[in-house]
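Report on the following structure.
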There are 2 protein chains.
Amino acid sequence: MDRAVARERALDAAEELFYGRGVQSVGMDDVRGASGVSLKRLYQLFPAKEQLVEAYLERRDARWRGRLAEYVERHGEPEERILAVFDWLGEWFGEPDFRGCAWINAYGELGATSARVAAQVRAHKRAFREYLDSLVGAAGLPAALGGQLFLLAEGAMVTAGVTRSAGSAAEAREAARLLLRAG
Amino acid sequence: MDRAVARERALDAAEELFYGRGVQSVGMDDVRGASGVSLKRLYQLFPAKEQLVEAYLERRDARWRGRLAEYVERHGEPEERILAVFDWLGEWFGEPDFRGCAWINAYGELGATSARVAAQVRAHKRAFREYLDSLVGAAGLPAALGGQLFLLAEGAMVTAGVTRSAGSAAEAREAARLLLRAG
DNA sequence: AGCGAGGGAGAACGAGCGTTCTCCCTTGGC
DNA sequence: GCCAAGGGAGAACGCTCGTTCTCCCTCGCT
């Protein structure tokens with residue numbers, strides 16, 4: 001098995017396990033079992049578990065933001081694009097393996113002990129925030145709206161994760177719609 | 001040392017350690033060292049670590065909601081009371097040992113492995129949500145507003161925790177003010 | 001065919017930690 | 001003063017798990 005293939009398989013398994021059960025309750029041996037990549041190979045690719053965690057968050061960040069942007073691109077009107085963010089959140093929340101925001105969960109688990117993970121969470125949230133800012137700017141709306149939409153989206157993610165329901169996306173969308181008009 | 005005193009000291013130490021460093025990175029021996037309550041006594045009071053965690057979250061829940069309600073009570077106008085929630089969040093975020101929402105953090109850390117902790121997080125969030133609903137109802141505002149304010153507050157807590165800044169409370173307050181007028 | 005590099009399976013090592021146990025001291029009741 | 005009960009200090013136990021090591025097999029090259 002090629003090095004690149006082994007890396008992808010390891011990350012696939014790590015993502016499913018870390019996201020589904022939390023980082024700390026998943027052992028490297030679990031990743032080996034789920035990926036078919038031997039421990040020796042795993043440690044060649046990722047010299048320590050923390051680096052596997054970082055790679056997991058990094059790859060997921062790229063995919064998550066990519067999927068969001070792709071969904072938003074399908075809408076033309078600037079204000080529609082903003083509301084599409086919340087529609088996409090609703091679709092995400094409804095996926096069967098949805099277990100909340102991977103970065104918020106990772107922050108709760110490792111934020112106090114791993115400075116690198118904490119930094120990655122901050123980077124992901126900052127990128128999402130800046131993306132919202134860019135949508136707000138493109139719509140010619142006041143800059144303060146970006147932060148407000150961000151808070152609604154974060155609140156919806158947390159709530160959907162804890163309550164295991166998707167309804168918070170629609171609530172957030174409605175609040176966003178009102179703020180678009182009020183601003 | 002009296003049983004009740006030992007229990008309070010143990011919970012004081014557990015709260016400071018669990019909240020500050022996360023549950024999993026704090027050992028029972030750390031709690032013993034910080035509280036001065038011997039391991040034997042700790043295990044008499046809390047037969048397992050999970051029960052200490054539950055007691056920590058339970059006591060903190062009562063105090064947190066008590067402090068919030070007390071702050072809100074100081075305001076007379078129904079709409080002022082709603083906005084006071086966000087002012088109080090801002091004060092909380094600014095406290096030197098603030099490290100995000102204890103329940104969101106605990107959920108990220110233990111939600112996938114401890115059903116009892118997960119249930120306690122849901123109960124705490126439900127109680128907060130119902131408190132907001134009651135403020136909205138008392139102000140004669142549409143019921144849908146309660147959920148929107150809840151999402152803003154949750155988003156502010158998460159954001160303040162991750163970015164280690166208190167600004168999100170003011171952003172959420174402003175969004176709430178607009179929603180009060182728009183609704 | 002022979003050989004050496006790379007890799008797989010899984011044992012082994014070592015640390016951390018939840019939990020229990022041992023030993024000893026204190027103290028309150030007779 | 002004596003004894004049983006309770007408690008403190010900390011060692012001990014057992015398990016998990018991150019990380020490394022051993023042993024053996026395979027395979028490409030000469």
Side-chain angles (χ1 to χ4, degrees), chain A residues 1-57 105-106 108-117 120, chain B residues 1-57 105-106 108-117 120:
Chain A
M1 190 186 337
D2 185 311
R3 180 183 176 91
V5 173
R7 189 185 155 88
E8 285 306 295
R9 290 203 189 162
L11 284 174
D12 288 344
E15 177 159 7
E16 179 165 344
L17 292 171
F18 287 160
Y19 179 66
R21 299 181 2 212
V23 172
Q24 312 223 52
S25 73
V26 171
M28 293 298 275
D29 206 60
D30 296 322
V31 176
R32 180 192 57 80
S35 66
V37 176
S38 72
L39 280 181
K40 194 187 245 181
R41 212 102 189 274
L42 272 180
Y43 276 92
Q44 281 173 3
L45 294 161
F46 309 97
K49 187 184 183 184
E50 187 176 14
Q51 298 180 45
L52 177 57
V53 175
E54 287 176 45
Y56 143 61
L57 289 176
N105 291 344
E109 215 178 332
L110 305 169
T113 49
S114 168
R116 298 178 66 89
V117 167
Q120 222 165 333
Chain B
M1 191 187 335
D2 187 310
R3 182 183 174 92
V5 173
R7 188 185 156 89
E8 284 307 293
R9 289 202 191 162
L11 283 174
D12 288 344
E15 177 160 7
E16 178 166 343
L17 292 170
F18 287 161
Y19 179 66
R21 297 174 11 206
V23 172
Q24 311 223 53
S25 73
V26 171
M28 292 298 275
D29 207 59
D30 296 324
V31 176
R32 180 191 58 79
S35 67
V37 176
S38 72
L39 279 181
K40 194 187 245 181
R41 211 104 189 274
L42 272 180
Y43 276 93
Q44 281 172 4
L45 295 162
F46 309 97
K49 187 184 183 184
E50 187 176 14
Q51 298 180 45
L52 177 58
V53 175
E54 287 175 44
Y56 143 61
L57 289 176
N105 291 344
E109 214 178 333
L110 305 169
T113 49
S114 167
R116 299 179 65 88
V117 167
Q120 222 165 333

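Letters A, B, ... mirror the listed sequences (proteins, then strands); counts begin at 1. Atoms considered below: every heavy atom in the structure, side chains included; atoms not considered: hydrogens, waters and symmetry mates. Everything numeric in this text was worked out from a predicted model, so none of it was measured.
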- Message: Tell me whether B/S25 contacts the main-chain N or O of B/R21 through its side chain, where contact means a donor paired with an acceptor under 3.5 Å.
- Response: yes

- Please report the C-alpha distance between B/V31 and B/K49 in whole Å, then the side-chain angles of each, then the deciding distance to 0.1 Å, and finally whether the side chain to side chain contact (heavy atoms under 4.5 Å, CB included) criterion is met. CA-CA 10 Å; B/V31 176; B/K49 187 184 183 184; over 6 Å; no

- Item | Value in whole Å for how far the P atom of D/dG10 lies from CG of B/L42 | 15 Å

- Would a 4.5 Å heavy-atom cut-off, applied to side chains only, mark B/L11 and B/E15 as touching? no

- Note on the structure: A/R32 CZ to C/dG7 P, in whole Å, measures 17 Å

- Query: Roughly how many Å is it from CG in B/D30 to P in C/dG16, rounded to a whole number?
  - Reply: 12 Å

- Message: Under the criterion salt bridge (Lys or Arg N to Asp or Glu O under 4.0 Å), I'd like the reasoning laid out for B/E50 against B/R116: C-alpha separation, chi angles, the key distance, then a yes or no.
- Response: CA-CA 9 Å; B/E50 187 176 14; B/R116 299 179 65 88; 5.1 Å; no

What does the list of N/O pairs under 3.5 Å between the protein and nucleotides 18-22 of chain C look like, with a distance for each?
from, atom 1, to, atom 2, distance (Å)
C/dG18, OP1, B/K49, NZ, 2.8
C/dG18, OP2, B/M28, N, 2.6
C/dT19, OP2, B/Y43, OH, 3.1
C/dT19, OP2, B/K49, N, 2.9

- Item | Steps toward salt bridge (Lys or Arg N to Asp or Glu O under 4.0 Å) verdict (B/D12, B/R9) | CA-CA 5 Å; B/D12 288 344; B/R9 289 202 191 162; over 6 Å; no

- Item | Distance, rounded to the nearest Å, where A/R3 contributes CZ and C/dG6 contributes C1' | 13 Å

- A/Y56 pairs by ring pair (Phe, Tyr, Trp, His ring centres under 6.0 Å) with which of A/Y19, A/F46, A/F18? A/F18

- Query: How many Å lie between CG on A/L52 and C1' on D/dC17, as a whole number?
  - Reply: 14 Å

- B/R41 CZ to D/dG10 P: how many Å, rounded? 17 Å

